[in-house]
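Below is one structure, written out as structure tokens; comments come after it.
Below, chain A is the first sequence line, B the second, and so on; all start at residue 1.
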Amino acid sequence: MDIVIRIVGAAGQGVQTVGEVLTRAAFHSGLELHAEQSYHSRIRGGENAFALRLAPGPAWGAREGTEVLAALNQEMLDQYLPSLTDGGWLVCDEDLTVSEARVVRVPASRLAKEELGLPIAANMVLLGAAACVAGIEEESLARAVRDAFGDKAELNLEALALGKQHAGDPRLGPHSPAYTHGERMLITGGAAVGAGAIAAGCRYLASYPMTPGTAVLTYLAERATRWGLVVEQAEDEIAAINMALGAAYAGARAMVTTSGGGFALMVEGLSLAGMIETPVVIHIGQRPGPATGLPTRTGQDNLLFALHAGHGEFPRYIVAPRDAQEAFYLTAKAFDLAEKHQVPALILTDQYLVDSFSTCAPLEVTRVAPRSYLLTPEELEAMVSYDRFAITDSGVSPRAVPGVSEKLVLVDSDEHDTYGRITEDLHFRKALNEKRLRKAKGLMQDVAPPYVHPSGGLEGRTVLLGWGSTYAAIREAVDMLNAEGESFAMIHFSELWPLRTHELEQVFDQAARMIAVEGNATGQLASLVAQQTGLKVHGFIGRHDGRPLTAADIAQEVAR
Amino acid sequence: MDIVIRIVGAAGQGVQTVGEVLTRAAFHSGLELHAEQSYHSRIRGGENAFALRLAPGPAWGAREGTEVLAALNQEMLDQYLPSLTDGGWLVCDEDLTVSEARVVRVPASRLAKEELGLPIAANMVLLGAAACVAGIEEESLARAVRDAFGDKAELNLEALALGKQHAGDPRLGPHSPAYTHGERMLITGGAAVGAGAIAAGCRYLASYPMTPGTAVLTYLAERATRWGLVVEQAEDEIAAINMALGAAYAGARAMVTTSGGGFALMVEGLSLAGMIETPVVIHIGQRPGPATGLPTRTGQDNLLFALHAGHGEFPRYIVAPRDAQEAFYLTAKAFDLAEKHQVPALILTDQYLVDSFSTCAPLEVTRVAPRSYLLTPEELEAMVSYDRFAITDSGVSPRAVPGVSEKLVLVDSDEHDTYGRITEDLHFRKALNEKRLRKAKGLMQDVAPPYVHPSGGLEGRTVLLGWGSTYAAIREAVDMLNAEGESFAMIHFSELWPLRTHELEQVFDQAARMIAVEGNATGQLASLVAQQTGLKVHGFIGRHDGRPLTAADIAQEVAR
Amino acid sequence: MNAKEYLADVELAWCPGCGNFGIRQALAKALATLELPHHRVVLVTGIGQAAKIAHYISVNGYNGLHGRTVAAAAGIKMARHDLTVIAESGDGDLYGEGGNHFLHNIRRNVDITIIAHDNRVYGLTKGQASPTAPQGYKTKAQPFGSLSAPFHPAALAVALDAPFVAQSFAGDVEGTAALMVKAVQHRGCSLLNILQPCPVWNRINTFAWYKERVFSLEDEGHDPSDRSAAFAVAARQDDRIFTGILYRREGPTFEDRHPVLQEGVLADRPLPTESELRALLEEFR
Amino acid sequence: MNAKEYLADVELAWCPGCGNFGIRQALAKALATLELPHHRVVLVTGIGQAAKIAHYISVNGYNGLHGRTVAAAAGIKMARHDLTVIAESGDGDLYGEGGNHFLHNIRRNVDITIIAHDNRVYGLTKGQASPTAPQGYKTKAQPFGSLSAPFHPAALAVALDAPFVAQSFAGDVEGTAALMVKAVQHRGCSLLNILQPCPVWNRINTFAWYKERVFSLEDEGHDPSDRSAAFAVAARQDDRIFTGILYRREGPTFEDRHPVLQEGVLADRPLPTESELRALLEEFR
Ligand SMILES: Cc1ncc(C[n+]2csc(CCOP(=O)(O)OP(=O)(O)O)c2C)c(N)n1
Ligand SMILES: Cc1ncc(C[n+]2csc(CCOP(=O)(O)OP(=O)(O)O)c2C)c(N)n1
Ligand code: SF4
Ligand code: SF4
Ligand SMILES: [Mg+2]
Ligand SMILES: [Mg+2]
């Protein structure tokens with residue numbers, strides 16, 4: 001069983017609501033799943049698609065092909081019908097025109113109006129039918145509806161029942177559960193970043209709305225009172241980063257969330273973070289540029305920008321989680337290393353990762369356990385004097401925050417002496433600049449090795465090189481390609497800066513051919529690898545039309 | 001004769017005025033010169049130094065060592081006295097304390113007050129003495145004073161005479177002129193960028209003051225009415241770039257000038273320029289970062305930032321002129337290629353280049369002769385319909401501006417169709433993104449080869465790799481190093497993106513050792529070269545304390 | 001001219017029932033009334049639902065960055081001051097992200113017309129509070145309500161002595177069109193703030209809500225030349241909302257004051273000739 | 001406490017005769033009067049001549065980016081609202097580059113004190129016109145004079161209903177110090193605009209020039225609770241320049257309204273415990 005249930009319609013028709021209910025139902029049934037969303041940049045109309053993939057083992061990521069297509073309008077029906085696989089089923093309202101043989105027509109609108117007196121419940125009737133066709137357990141679905149609608153669940157449950165009734169028997173399934181309750185979690189990439197932040201002790205978020213970064217803003221805003229955060233919508237992104245830096249200077253772990261265009265406005269602030277050595281975490285949900293580009297689509301075109309953003313030279317930490325689970329851990333790690341090394345940390349996700357649901361092993365709280373790296377008031381009182389930027393071997397100076405002891409804390413955007421005072425003494429300049437840059441070494445030691453699969457014996461293989469959210473697609477592609485002989489492998493980076501080169505050199509050494517696979521047009525990781533190691537890939541597979549790379553995309557391109 | 005006359009004092013003491021007069025005098029005398037300025041970020045007090053280097057052949061650039069030190073205050077006297085070479089002379093007021101034997105003491109303050117009744121003319125008295133000691137022609141000096149002071153020249157001429165009188169005979173010189181009037185020009189890097197812009201047909205500059213970018217703002221502002229430009233001080237850098245893009249869309253060649261921190265705020269606008277394919281020229285006068293850093297000092301730490309700035313992927317053109325003369329030509333070229341390829345063009349200078357005077361061969365107007373690449377109203381009227389972003393092989397679409405014909409011109413920051421209309425059709429996205437990126441090819445064809453010296457026979461040599469304003473220091477270092485055997489060479493880039501790799505590969509192939517020489521701490525060109533070619537340099541010489549690299553710095557480091 | 005001719009023949013991505021439709025109709029009507037040839041108008045917008053209007057009206061269009069509408073419009077007007085330049089966008093765009101350009105271009109007094117679709121929310125990004133949202137306004141990003149006091153664009157514009165400050169209601173297409181005409185005709189940086197219901201996100205400030213509250217300044221005999229009176233109206237905290245011309249004064253524009261623009265259209269200046277270039281370089285000899 | 005104790009023992013990089021010296025004296029005096037322990041104050045500045053004051057007063061200091069003074073100050077105050085946070089910088093910094101933060105933090109009403117050194121020029125970058133420069137003001141960058149109308153900070157602040165708006169003259173150290181005390185004491189986002197001569201660049205608005213023109217609002221019986229009167233004074237175009245408290249009102253601050261800040265100082269909250277983390281992850285099960 002590897003099926004995709006695809007719900008398609010216009011914005012405002014409830015595609016997302018229906019999709020989420022179905023996703024939770026599958027989760028309750030113990031199915032491994034991945035659910036991906038694609039939508040236009042508008043509030044009503046246009047195209048919305050929600051694709052739930054169910055699989056016995058890992059559901060990996062997005063794929064083409066549809067086993068159950070639930071179409072909420074004619075336009076989207078026509079557009080997605082060609083994706084129906086052999087043996088696939090179309091579910092739609094009886095009003096729609098369709099010549100497909102394998103169709104389950106449901107008088108959803110009529111039933112919703114006549115039987116339920118609630119026209120907008122039509123999509124729930126259709127969901128009932130589609131879920132039935134797809135073989136989703138009834139109880140799980142009911143539970144998901146109750147969770148989603150609370151008081152208003154009853155009518156929706158009736159709607160589901162009507163749909164099921166019209167659909168008749170399941171066409172697919174039954175699906176045997178892969179796990180029992182508690183063994184898995186269900187999470188989106190956006191929620192994972194938000195939860196990772198709270199887990200790391202984030203206290204402050206200032207941001208300006210921007211898709212897909214907003215997901216983290218709303219996640220945190222909704223939980224601010226419960227977990228004790230200030231989540232403030234800034235007047236612009238420049239305010240956001242400067243407010244966050246202010247809060248961080250004052251001792252609150254701080255974050256901003258945005259997308260490439262908003263980050264572009266934060267670049268001066270990023271450089272300030274480097275200069276005043278104040279930790280801040282920047283979440284960039286990538287979407288295709290340049291400029292406004294495709295605001296609700298996905299891409300991976302900000303890696304080199306994130307790496308080189310900011311005037312002057314200073315260390316930073318950059319991660320690009322491969323999935324939601326890792327997004328949780330790496331967000332927490334970004335906070336931790338930002339504090340430990342007093343550097344800005346950047347988290348690169350993308351619309352695909354932020355909006356996708358996936359099942360994963362339960363997140364382990366013991367893996368994040370946040371630590372404080374600040375001088376305590378007692379330590380400060382015991383010091384004769386305090387220099388915020390004392391020169392150290394590691395480049396990291398003991399950090400105090402203002403107000404907690406009588407020691408004053410001074411930071412300066414100009415070059416400064418060890419106390420923090422503006423100076424034009426060029427010896428100080430050299431010493432302080434070198435001190436800051438030295439932190440890169442310590443950071444490097446905290447970076448985990450890239451993921452290499454299979455873990456040994458790469459000799460003679462074609463190795464796919466990737467980063468961030470393309471992980472699942474590449475991983476699945478490797479399996480697909482290896483179905484006909486074991487000649488493929490992969491190396492994947494989730495921690496991108498500082499870039500570990502040791503494993504890269506080994507892999508390049510063993511591989512017969514290296515191919516970069518990225519969600520952009522130019523091969524940004526490939527460039528970065530060349531820059532750091534002098535090693536050049538032999539091929540490049542890129543996708544830059546706003547949709548995520550799939551395993552099939554990759555396998556096809558490799559085969560060519 | 002290779003002498004440095006160094007005038008040192010506090011801000012507000014007229015170091016710059018005196019230095020400029022002396023520089024012009026040397027120019028009038030037909031001497032090859034380079035004059036470099038270094039100053040604190042304050043308006044009064046602190047340290048100001050003006051170093052005029054005179055040489056029989058090219059005066060190259062800054063160097064350490066002083067043959068004539070004119071000190072306007074005790075503090076700076078003490079600081080610079082150690083720089084005096086054997087045979088060098090100190091000139092200072094009799095009030096100052098000094099144990100140096102080779103000193104010319106002048107009662108400058110007293111004379112200015114008592115003889116001239118003008119205390120602030122003390123520095124002119126000192127200048128008279130210093131110029132005399134340095135062997136600068138009297139008539140040239142008088143002419144420079146008349147040019148600088150106009151009506152108020154007389155008293156200053158008297159001051160000079162008093163100084164000369166006290167100095168007695170010249171200690172250095174006479175210097176035989178290297179050229180006669182008209183054979184050379186005298187220009188600063190800042191003025192060269194400004195003049196290049198006017199020559200290229202620049203009509204619009206919007207900018208926010210920022211050292212050293214401001215030099216271009218004031219150059220153009222002062223000439224706006226004469227040459228027909230609008231030069232507007234913007235409320236911030238974001239306004240500046242967006243105003244410039246608006247003006248450019250409407251058909252006025254447009255420019256902004258700033259430094260790294262201001263450019264950081266323009267990054268979103270840069271990406272917009274890429275998306276709407278609207279030419280704009282961005283001058284970045286570099287100074288050491290991060291953040292405010294050393295606002296009045298020099299550095300080369302924005303190369304990778306300039307190259308990767310902006311979300312999304314789009315072509316751009318980047319130059320870093322090696323000296324003032326080239327700044328004129330490359331600024332004009334930046335305007336030309338920005339128009340021709342409809343891309344943003346970036347000019348990287350630095351405080352050292354912007355503020356330095358140098359003599360050069362007369363700028364040739366025939367080398368800039370600006371061309372228009374716009375559709376004419378007649379061509380537009382003849383078209384049935386007009387698509388601003390028509391797909392072409394070169395990636396460059398015929399460009400119209402609004403208002404000149406009945407054809408409408410629509411540009412969009414969102415992904416768009418060929419007309420310019422917002423679209424979410426992912427095929428358009430792919431086609432338009434590829435069209436934009438294709439322009440890189442044409443751009444590459446317009447890039448001139450790097451400078452390689454000597455031009456042949458690099459086998460076995462140590463080759464110094466550099467870019468931008470470090471040219472003279474590297475060139476002079478190569479000569480110095482080759483004085484003991486011909487084992488050194490250089491390759492130097494003034495056009496940095498697209499990066500020509502052909503010559504690089506040849507040079508790497510032949511050279512025994514490659515050493516990058518840059519005004520930063522990390523070796524940014526070296527990284528770029530590795531990224532583009534996979535070739536890694538063997539050594540790196542960097543300076544990042546805010547002062548320009550000198551030939552001696554380089555030669556010493558190489559020798560180690 | 002016919003208003004319909006200004007309506008671009010494209011699909012509109014706005015939600016059914018949105019106030020934006022009325023504003024589009026009004027703009028087409030105003031352009032027709034002004035008899036402006038399509039190619040002599042540039043409609044400059046930013047990013048947001050309102051900003052999509054650049055694609056929906058058939059004149060020249062510059063759909064730039066979110067928040068930079070007014071800056072781009074100023075640049076365009078300076079380069080081609082013979083064209084009519086309208087800077088139109090959402091309240092988030094003009095007053096939030098773009099607040100600084102709003103301030104300083106009023107000071108600059110470039111002859112552009114700023115038209116704000118004031119729906120008190122960030123529509124396109126799913127309903128967060130915009131600067132004009134009432135205090136306590138709840139959204140997903142402001143779950144316990146916006147803490148900030150609302151921004152009163154008209155009060156601010158009067159404080160900046162903007163030469164033309166008006167407000168209309170999107171439900172009143174005729175009235176909006178009439179004010180657009182006056183705003184465009186007025187020389188200098190004019191502001192028309194349009195109260196625009198957003199039925200999807202803003203369930204408070206609906207068509208009905210506004211209808212109950214709006215009144216016409218003209219009906220009340222307000223004198224738009226009286227700056228203090230204008231400020232008093234704009235600062236009023238009661239339940240009634242004014243429409244009409246709040247403040248109006250004459251005075252020189254940026255273009256009037258700029259010696260180079262006095263000589264002609266900047267973008268029409270030819271490229272420099274060889275002899276000009278020679279003269280340019282004289283100073284370096 | 002002794003004012004001198006607040007003066008950091010460092011070389012001052014200001015020009016002889018500059019108005020900044022008086023402002024520094026006044027600030028030290030005000031801090032002494034307020035009896036604020038050094039470590040309980042954060043002086044936030046941007047970049048410019050004025051902004052160097054962060055190094056010249058011995059309290060905590062955050063000398064951030066040009067123009068971002070108020071944004072950084074707001075962040076600091078939200079994180080540690082038990083500290084006194086002063087956002088002090090030049091007019092270019094606060095009203096030019098930082099205009100948007102000025103606007104929106106007044107709306108936000110975070111309890112910070114904004115102190116502007118208003119010398120009408122960009123001092124550090126060599127004298128270009130700042131937003132408050134008079135129309136026609138000539139500089140190297142504005143050779144035929146600034147074309148923009150001057151920005152009136154007080155008028156704008158009143159239009160934004162800022163809770164405390166005052167102005168003083170740097171030549172009057174006592175008066176300036178007294179207003180600083182009141183501005184800091186007032187709860188909410190207070191503005192003190194200080195008329196500051198810059199003898200190097202601004203040869204028009206000199207000490208003498210101001211002395212001839214300044215008058216005290218108190219002397220004239222101005223009622224600072226009257227917003228219309230305040231606006232009328234701020235908008236007045238005559239030759240006299242007011243000093244004193246222009247406008248004052250009470251009202252809840254951002255901190256008062258924020259449920260999380262009501263529970264205590266944000267930065268004092270401990271890192272999450274393991275059991276909290278478990279609870280946090282419950283929703284994903
Ligand atoms: C720099 C930047 N930040 C954020 C965004 C995301 N964004 C797009 S539209 C919008 C808000 C739109 O609100 P408004 O201007 O009021 O227009 P409306 O949609 O309400 O008409 C935002 C925040 C962006 N495109 N660019
Ligand atoms: C982003 C940015 N733009 C420009 C500058 C350059 N800059 C430094 S100080 C200054 C102006 C200072 O004027 P003001 O704030 O009025 O302070 P003053 O020097 O007059 O006291 C400018 C433009 C900068 N540091 N950062
Ligand atoms: S979201 Fe609101 S403002 Fe935007 S189109 Fe829909 S109803 Fe109109
Ligand atoms: S430049 Fe002006 S404001 Fe700055 S210190 Fe000098 S006199 Fe004061
Ligand atoms: Mg809005
Ligand atoms: Mg100032």
Side-chain angles (χ1 to χ4, degrees), chain B residues 181-182 185-187 191 195 198-201 203-204 206 223-225 227-230 232 234-236 238-240 242-252 254 268-269 272 276 362-363 365-366 368-372 401-414 420-422, chain C residues 8 10 13 37-42 44 46-47 52 54-55 58-80 82-83 100-101 103-105 107-108 254 258-261 263 266-272 274-278 280-281 283-285:
Chain B
H181 181 76
M185 283 188 171
L186 176 67
I187 190 166
I198 297 179
R203 291 282 165 226
Y204 192 84
R223 287 154 187 83
T225 34
W227 298 109
L229 284 83
V230 167
E232 178 64 4
E235 55 273 25
D236 56 37
I238 305 175
N242 284 283
M243 289 164 78
L245 283 171
Y249 158 81
E268 193 196 15
L272 177 64
I276 61 176
L363 301 171
V365 296
T366 48
V368 297
R371 278 186 294 171
S372 170
V401 296
V404 301
S405 83
E406 290 195 359
K407 297 292 182 303
L408 301 181
V409 182
L410 177 63
V411 299
D412 189 8
S413 144
D414 297 277
R421 209 148 252 154
I422 183 170
Chain C
V10 293
H38 300 235
H39 71 288
R40 304 294 292 169
V41 180
V42 187
V44 187
I47 297 295
K52 290 178 181 166
H55 300 281
S58 72
V59 294
N60 292 296
Y62 181 104
N63 184 177
L65 296 172
H66 179 65
R68 313 307 164 190
T69 312
V70 174
I76 293 169
K77 184 73 186 185
M78 292 182 193
R80 280 222 78 90
D82 56 337
L83 302 184
N100 213 29
H101 316 307
L103 282 190
H104 292 283
N105 279 294
R107 291 182 47 228
R108 209 169 259 134
F254 180 90
H258 201 293
V260 174
L261 297 186
E263 291 172 8
L266 191 69
D268 280 345
R269 287 182 179 258
L271 290 169
E274 206 178 300
S275 75
E276 283 174 323
L277 295 186
R278 278 186 212 293
L280 168 72
L281 299 177
E283 65 170 304
F284 304 121
R285 292 200 177 262

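Here G403(B) is the residue among A252(B), G403(B), S372(B) with the most heavy-atom pairs under 4.5 Å with chain C. When the candidates G228(B), G182(B), G201(B) are compared by the number of heavy-atom contacts under 4.5 Å with chain C, G228(B) comes out ahead. Note on A13(C), A79(C), G67(C), A71(C): by heavy-atom pairs under 4.5 Å with chain B, the leading option is A71(C). The greatest number of non-hydrogen atom pairs below 4.5 Å with chain B, out of L83(C), L266(C), V41(C), is found for L266(C). Chosen from G61(C), S58(C), A72(C), the residue pairing most often with chain B at heavy-atom distances under 4.5 Å is G61(C). Your options are G46(C), G75(C), G64(C), and the one with the most heavy-atom pairs under 4.5 Å with chain B is G75(C). Ranked by heavy-atom pairs shorter than 4.5 Å toward chain B, the options E263(C), K77(C), H101(C), M78(C) are led by H101(C). For the options P272(C), A74(C), A54(C), heavy-atom pairs under 4.5 Å to chain B are most numerous at P272(C).
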Inset, instruction - With side-chain contact (heavy atoms from CB on, under 4.5 Å) as the test, would you mind laying out the steps for L272(B) and N242(B) before giving the verdict? - result: CA-CA 9 Å; L272(B) 177 64; N242(B) 284 283; 3.9 Å; yes

Inset, instruction - Verify side-chain contact (heavy atoms from CB on, under 4.5 Å) between T225(B) and V260(C), making sure each step is shown before the conclusion. - result: CA-CA 6 Å; T225(B) 34; V260(C) 174; 4.1 Å; yes

Inset, instruction - Apply side-chain contact (heavy atoms from CB on, under 4.5 Å) to E268(B) and R68(C), showing your working. - result: CA-CA 10 Å; E268(B) 193 196 15; R68(C) 313 307 164 190; 4.3 Å; yes

Inset, instruction - Report the C-alpha separation of D414(B) and K52(C) in whole Å, then their side-chain angles, then the decisive distance to 0.1 Å, and conclude whether the side-chain contact (heavy atoms from CB on, under 4.5 Å) test is met. - result: CA-CA 10 Å; D414(B) 297 277; K52(C) 290 178 181 166; over 6 Å; no

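Contact annotation for A195(B): both backbone and side-chain heavy atoms come within less than 4.5 Å of a heavy atom of chain C. Heavy atoms closer than 4.5 Å to chain B are found in both the backbone and the side chain of L281(C). Residue L103(C) does not touch chain B at all, counting heavy-atom pairs closer than 4.5 Å. Interface residue P270(C): only backbone heavy atoms are found under 4.5 Å from chain B. At a 4.5 Å heavy-atom cutoff, the contact between S405(B) and chain C is made by backbone atoms alone. For R269(C), the parts lying under 4.5 angstrom from a heavy atom of chain B are both the backbone and the side chain. Proximity to chain B (any heavy atom under 4.5 Å) is restricted, for R108(C), to the side chain, taken from C-beta onward. Using a 4.5 Å cut-off between heavy atoms, A200(B) touches chain C through its backbone atoms (N, CA, C, O) alone. Only the side chain of R223(B) comes within contact range of chain C, with heavy atoms under 4.5 Å apart. Contact of A206(B) with chain C is not made at all, since no heavy-atom distance falls under 4.5 Å. For a residue to count as touching a neighbouring chain, one of its non-hydrogen atoms must lie under 4.5 Å from one of that chain's; by this rule L363(B) touches chain C with backbone and side chain alike. At a 4.5 Å heavy-atom cutoff, the contact between V59(C) and chain B is made by backbone atoms alone.
Annotation: side chain of E235(B) is in contact with side chain of N105(C) (closest heavy-atom distance under 4.5 Å). Between H104(C) and V70(C) the shortest side-chain heavy-atom distance does not fall below 4.5 Å.
Checked against ring-ring contact (aromatic ring centres under 6.0 Å, His included), F254(C) has the following partners two or more places apart in sequence or in another chain: H258(C).
Side-chain contact of H55(C) with D412(B): a donor-acceptor pair under 3.5 Å is present, judged by distance alone. Using a 3.5 Å distance cut-off with no hydrogens or angles, the side chains of E406(B) and H38(C) do not pair a donor with an acceptor.
Y249(B) places a side-chain N or O within 3.5 Å of a backbone atom of V409(B) that can act as its donor or acceptor partner. A donor-acceptor pair under 3.5 Å is absent between the side-chain atoms of N63(C) and the main chain of S413(B), judged by distance alone.
Atoms CD and CH2, from E276(C) and W227(B) in turn, are 6.0 Å apart once rounded to the nearest 0.5 Å.
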